[in-house]
Amino acid sequence: MIPTPHQIFASFERGEIERDELQALMALHARELIQEMEEDYQNPAAAWIEGLRTRRAASLLVRRHGSRLLREVLTALGELPDFPAVRHLWNAAQPDVPLHCFLRIQREPIFRIHSLESKADGIHLVIEHGKAARGKGTRQKFLLKRDARWKMKAEVL
């Protein structure tokens, strides 16, 4: 797994990697983005439909739970070590990035939020990520709690 840009820059600032390694790792992220843009260019209808689906899913989640809570949840998931969907969630805390950009309904690797419930012990979250074929994705349950600094932390159930 390629480290996220936050992890790459943190390693660079700690002196664990050199500038050349930093640029090479960031180039890998750039290539992934360019590859997705090329796929969208080659199949604009599928990209448009995926955009409609993600916008609808994001607007439903925002209407039910609010954009602030949704960003906190996505940010907490983006900080989990060895979580496969972290490469798409690393900048979820940035308010300039629309929330629909983090959801992937049909495009692999998918990332769907099935349920988000506030309960007394924290926020219970069920997501699906991985393969797009029905029944092939991985469902995971999380419990999100706030720590002493009021920052949301995710625990796998």
- With hydrophobic residues grouped by side-chain heavy-atom distances under 4.5 Å, do Ile2 and Leu33 end up in a single group? no

- To the nearest 0.5 Å, how far apart are CG in Leu143 and NZ in Lys119? 10.0 Å

- Taking all atoms of both residues into account, what is the closest heavy-atom pair of Ile105 and Ile110, and its distance? O-CG2, 3.5 Å

- Query: Counting distance only, does the side-chain N/O of His65 pair as donor-acceptor with the main-chain N or O of Glu117 below 3.5 Å?
  - Reply: no

- Message: Is it the case that over 12 heavy atoms from other parts of the model lie below 6.0 angstrom from the CZ atom of Arg56?
- Response: no

- Message: Set out, in order, the CA-CA distance, both residues' side-chain angles and the distance that settles side-chain contact (heavy atoms from CB on, under 4.5 Å) for Ile34 and Glu38, then state yes or no.
- Response: CA-CA 6 Å; Ile34 292 168; Glu38 287 174 349; 3.9 Å; yes

- Task: Would you mind reporting whether Trp90 and Ile8 have side-chain heavy atoms less than 4.5 Å apart?
- Result: no

- Message: Taking the side chain as everything from C-beta on, heavy atoms only, tell me whether Glu72 gets closer than 4.5 Å to Leu144.
- Response: no

- Query: Is it the case that one hydrophobic cluster holds both Met26 and Val97, taking links as side-chain heavy atoms less than 4.5 Å apart, direct or via other members?
  - Reply: no

- If you draw a 6.0 Å radius around CD in Glu18, do more than 12 non-hydrogen atoms from other residues or ligands fall strictly inside? no

- Query: With side chains defined as the heavy atoms from C-beta onward, is the minimum distance between Leu61 and Leu99 less than 4.5 Å?
  - Reply: no

- Item | Hydrophobic cluster identity match, Leu89 and Phe142, side-chain contacts under 4.5 Å | yes

- Message: Is any side-chain heavy atom of Val156 closer than 4.5 Å to one of Gln140?
- Response: yes

- Query: In Å, rounded to the nearest 0.5 Å, how long is the span from CD of Gln35 to CE of Met37?
  - Reply: 11.0 Å

- Query: In Å, rounded to the nearest 0.5 Å, how long is the span from CZ of Arg53 to CH2 of Trp48?
  - Reply: 11.0 Å

- Item | Distance in Å, Glu50 CD paired with Asn43 CG, rounded so as to fall on 0.5 Å steps | 11.0 Å

- Message: According to a hydrophobic-cluster definition based on side-chain heavy atoms being under 4.5 Å apart (Ile, Leu, Val, Met, Phe, Trp, Tyr only), do Leu80 and Leu103 belong together?
- Response: yes

- Message: Are Leu69 and Leu77 connected into the same hydrophobic cluster when the rule is that any two of I, L, V, M, F, W, Y join if their side-chain heavy atoms are below 4.5 Å apart?
- Response: yes

- Message: Is any side-chain heavy atom of Ser11 closer than 4.5 Å to one of Glu21?
- Response: no

- Task: Please examine the side chains of Ile127 and Phe83, heavy atoms only from C-beta on, and report whether any two atoms are closer than 4.5 Å.
- Result: yes

- For side-chain contact (heavy atoms from CB on, under 4.5 Å), just list the numbers for Glu128 and Thr138, CA-CA rounded to whole Å, side-chain angles, deciding distance to a tenth of an Å, and then say yes or no. CA-CA 5 Å; Glu128 184 177 2; Thr138 305; over 6 Å; no

- Report the C-alpha distance between Glu79 and Lys151 in whole Å, list the side-chain angles of each, state the deciding distance to 0.1 Å, and finish with yes or no for side-chain contact (heavy atoms from CB on, under 4.5 Å). CA-CA 11 Å; Glu79 294 172 355; Lys151 187 175 178 182; 3.4 Å; yes

- Query: With side chains defined as the heavy atoms from C-beta onward, is the minimum distance between Phe102 and Asn91 less than 4.5 Å?
  - Reply: yes

- Note, Arg104 side chain near Pro109 side chain (heavy atom, < 4.5 Å): yes

- Message: Taking Lys136 first and then Glu108, would you say they form a salt bridge - that is, a charged N and a carboxylate O separated by under 4.0 Å?
- Response: no

- Rounded to the nearest 0.5 Å, what separation is found between the CD atom of Glu36 and the CZ atom of Arg107? 4.5 Å

- Task: Rounded to the nearest 0.5 Å, what's the gap from NZ on Lys145 to CD1 on Ile123? Could you check?
- Result: 12.0 Å

- Message: Take a 6.0 Å sphere around CZ of Arg64 and say whether it holds more than 12 heavy atoms from other residues, nucleotides or ligands.
- Response: no

- Message: Show the nearest heavy-atom pair for residues Asp147 and Lys153, with the distance to one decimal.
- Response: OD2-CE, 3.6 Å

- Item | Check: Ala93 main-chain N/O paired with Arg71 side-chain donor or acceptor under 3.5 Å | no

